**Q** 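I am attaching a structure below and will ask some questions about it afterwards.
First listed ligand is number 1; within each ligand, the first listed atom is number 1. From a predicted model like this one, the values you see are computed outputs, not experimental measurements.
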Amino acid sequence: MNLLVTGAAGFIGSHFVRLVQRVRPTWNVFIVDALTYSGNESTMVDLLSAGARFFHARIEDRAAIANIIEENAVTHIVNFAAESHNDRSLQGSSFLTSNAFGVEVLAHLTKEYKLERLLQVSTDEVYGSIAEGQFYETTPIAPNTPYSASKAAGEMVCRAHWKAFQTPIVVTRGGNTYGPYQYPEKLIPFFTVRLLLGKKVPLYGDGSQIREWIHVEDHAAGILAALEHGILGEAYNVGDDNERENRETVQLLLAATGQDNALVKSIEDPRKGAHDARYSMNTAKLRSLGWEPKVPFDRGLTETVEWYKANTSWWSELLNNASYQDFIRQFYGKSLGADL
Ligand SMILES: NC(=O)c1ccc[n+]([C@@H]2O[C@H](COP(=O)([O-])OP(=O)(O)OC[C@H]3O[C@@H](n4cnc5c(N)ncnc54)[C@H](O)[C@@H]3O)[C@@H](O)[C@H]2O)c1
């Protein structure tokens, strides 16, 4: 297989390539990434030494991607490339170019070059929030933030391509993911690096929002199962039955970093109405393909904190990035004040 993986300088895409290089060593892997603020060459060092080839390009650049497909006889694409941070979308950044238009370009090229399969990596956030019960793949999508709306738009492009042209596309909807190499702006790595630095962490409200966490290796394995065995035109939930209130996750992080509640500051929720209270997915459909999550949350979280302790050079470089500092100042400056 000649596999093009987009967005593999980022968090989940890099783990997916790591997994493929380990369990499918005969596949040729090509990486496309725009190296935005969340995509870093330092995340791909091991992937490139293991033989993956890197192309610096944007997925919406049709000519560049067409060239890469042609020159490397690409047969499959897995698309991780996206603007991925909800809170940044709430600050007004435009996400549609990468998350919808970019998907449309990949879908068109999949059709034009008669590729065997495009796997579009989407999110459970397209469903919106659920008070009770679970999201099934048949649940109508109802996104609540500009980020999730842009991901839903990407999914609609895929659905329309399948209906109109039978373009071979499969979609996965992953849950909140954690693990090594996650850019330190999302809850778990953001809190981890701040606690390791002895800085206060901002907990929205009383921290009772419920998130269903999945370890990045389990998420990557779910995507591989859908790539190899998923039915064309279908979507697959990728989640772990692991619902936690944010305040509980924070307690686990305090224990793993050796800190205490003095470093937790309750702040007004900057997302206000856009903060989904609960996500929960039914994953029977993906499990029927032979996949199951394997990493228990407590162990996965402790190992993740250990990874951040051992790899300070990877994240301390990112904290100095102007885009990172601007985001933290704009999003948390008012509520954290002198504790920023
Ligand atoms: N992190 C999660 O909890 C989670 C959960 C479910 C689904 N997802 C989805 O998984 C995918 C990967 O998420 P992540 O957390 O690894 O994100 P990330 O921000 O760590 O990585 C995204 C990567 O895409 C690249 N990129 C962005 N726009 C691009 C463009 N137009 N062209 C080429 N490259 C581009 C970035 O440089 C970066 O390397 C995204 O599609 C996201 O929506 C993430």
**Q** Taking all non-hydrogen atoms of both residues, which atom of Leu286 and which atom of Ala225 are closest, and how far apart?
**A** CD1-CB, 4.3 Å
**Q** Please could you name the atoms of ligand 1 that Gly7 approaches to less than 4.0 Å, counting only its heavy atoms?
**A** 23 (C), 24 (O), 39 (O)
**Q** Does the side chain of His161 reach to within under 4.5 Å of the side chain of His108, using non-hydrogen atoms?
**A** yes
**Q** Where on His85 is there a heavy atom closer than 4.0 Å to ligand 1, on the side chain, on the backbone, on both, or on neither?
**A** neither
**Q** Is the terminal nitrogen or CZ of Arg18 (NZ for Lys, CZ for Arg) located under 6.0 angstrom from the six-membered ring centre of Tyr181 and within 45° of that ring's axis?
**A** yes
**Q** Assess Tyr178 for proximity to ligand 1: is some non-hydrogen atom of it under 4.0 Å away?
**A** no
**Q** Quick one: do Leu319 and Val201 end up in the same hydrophobic cluster if we chain Ile, Leu, Val, Met, Phe, Trp and Tyr together by side-chain heavy atoms under 4.5 Å apart?
**A** yes
**Q** Have a look at ligand 1 and work out which part of Lys186, if any, has a heavy atom under 4.0 Å from it: side chain, backbone, both or neither.
**A** side chain
**Q** For ligand 1, note which part of Leu35 has a heavy atom under 4.0 Å away: side chain, backbone, both or neither.
**A** backbone
**Q** In terms of atom number and element, which parts of ligand 1 are under 4.0 angstrom from non-hydrogen atoms of Lys151?
**A** 40 (C), 41 (O), 42 (C), 43 (O)
**Q** Is the distance between the ring centroids of Phe327 and Phe190 under 6.0 Å?
**A** no
**Q** Which ligand 1 atoms, with their elements, are less than 4.0 angstrom from a heavy-atom of Glu60?
**A** 30 (C), 31 (N)
**Q** Checking the N or O distance criterion of under 3.5 Å, is ligand 1 in contact with Thr123?
**A** no
**Q** Are Ile214 and Asn242 packed together at the side-chain level, in the sense that at least one heavy-atom pair is separated by less than 4.5 angstrom?
**A** no
**Q** So do the side chains of Leu340 and Ile328 get within less than 4.5 Å of each other, counting heavy atoms only?
**A** yes
**Q** Phe80 vs Phe16 aromatic rings, parallel, tilted or perpendicular, using cut-offs 30° and 60°?
**A** tilted
**Q** Which residue and non-hydrogen atom of the protein lie closest to atom 36 (C) of ligand 1, and at what distance in Å?
**A** Thr36 OG1, 3.2 Å
**Q** To which protein heavy atom is atom 5 (C) of ligand 1 closest, and what is the distance rounded to 0.1 Å?
**A** Gly175 O, 3.1 Å
**Q** Under 4.0 Å from a heavy atom of Asn176: which atoms of ligand 1 are those, numbered in the order shown and with their elements?
**A** 3 (O)
**Q** Name the option, out of Ser14, Gly154, Ala82, Ser150, that contains the heavy atom nearest to atom 26 (N) of ligand 1.
**A** Ala82
**Q** Can you name the atoms of ligand 1, numbered from 1 with element, that are less than 4.0 Å from a heavy atom of Ser84?
**A** 17 (O), 18 (P), 19 (O)
**Q** Any atoms of ligand 1 less than 4.0 Å from a non-hydrogen atom of Gly39? List them with their elements.
**A** 37 (O), 38 (C), 39 (O)
**Q** Compute the minimum heavy-atom distance from Ile59 to ligand 1 and say whether it is under 4.0 Å.
**A** yes
**Q** Identify the protein heavy atom lying closest to atom 37 (O) of ligand 1, giving its residue, its atom name and the separation to 0.1 Å.
**A** Asp33 OD1, 2.6 Å
**Q** Report yes if some N/O of Asn79 lies less than 3.5 Å from some N/O of ligand 1; otherwise report no.
**A** no
**Q** Starting from atom 7 (C) of ligand 1, locate the nearest protein heavy atom and write down its residue, its atom name and how far away it is, to 0.1 Å.
**A** Ser122 O, 3.2 Å
**Q** Give yes if a backbone or side-chain nitrogen or oxygen of Thr177 is under 3.5 Å from a nitrogen or oxygen of ligand 1, and no if not.
**A** yes
**Q** Do the side chain of Lys200 and the main chain of Arg194 share a donor and acceptor less than 3.5 angstrom apart?
**A** no
**Q** Which heavy atom of the protein is the closest neighbour of atom 21 (O) of ligand 1, given with residue, atom name and distance?
**A** Gly10 CA, 3.5 Å
**Q** Give the minimum heavy-atom separation between Val105 and Arg62, together with the two atoms involved.
**A** CG1-CA, 3.8 Å
**Q** When you measure from atom 6 (C) of ligand 1 to every protein heavy atom, which one gives the shortest distance, and what is it?
**A** Gly174 O, 3.3 Å
**Q** So which heavy atom in the protein is nearest atom 10 (O) of ligand 1, and how far is it from that ligand atom?
**A** Val121 CG1, 3.5 Å
**Q** Suppose we measure from atom 4 (C) of ligand 1 to each protein heavy atom; which comes out shortest, and what is that distance?
**A** Ile12 CD1, 3.6 Å
**Q** Counting neighbours of NZ on Lys309 that are heavy atoms of other residues, nucleotides or ligands and sit closer than 6.0 Å, is the number greater than 12?
**A** yes
**Q** Where's the contact between Ala57 and ligand 1, heavy-atom distance under 4.0 Å: side chain, backbone, both or neither?
**A** backbone
**Q** Under a heavy-atom criterion of less than 4.0 Å, does Tyr183 contact ligand 1?
**A** no
**Q** Side-chain contact, heavy-atom cut-off 4.5 Å: Glu41 with Val45?
**A** no
**Q** With only distance considered, is Ser38 within less than 3.5 Å of ligand 1 through an N or O on each side?
**A** yes
**Q** Can you tell me if CZ on Arg247 sees more than 12 non-hydrogen neighbours from other groups inside 6.0 Å?
**A** yes
**Q** Would you call the rings of Tyr147 and Phe95 parallel, tilted or perpendicular if under 30° counts as parallel and over 60° as perpendicular?
**A** perpendicular
**Q** For atom 42 (C) of ligand 1, state which one of Phe11, Phe80, Tyr147 supplies the nearest heavy atom.
**A** Tyr147
**Q** Measuring only between side-chain heavy atoms, which start at C-beta, is Asn99 closer than 4.5 Å to Val103?
**A** no
**Q** Taking the cut-offs as 6.0 angstrom to the six-membered ring centre and 45 degrees off its axis, would you call Arg211 and Tyr178 a cation-pi pair?
**A** no
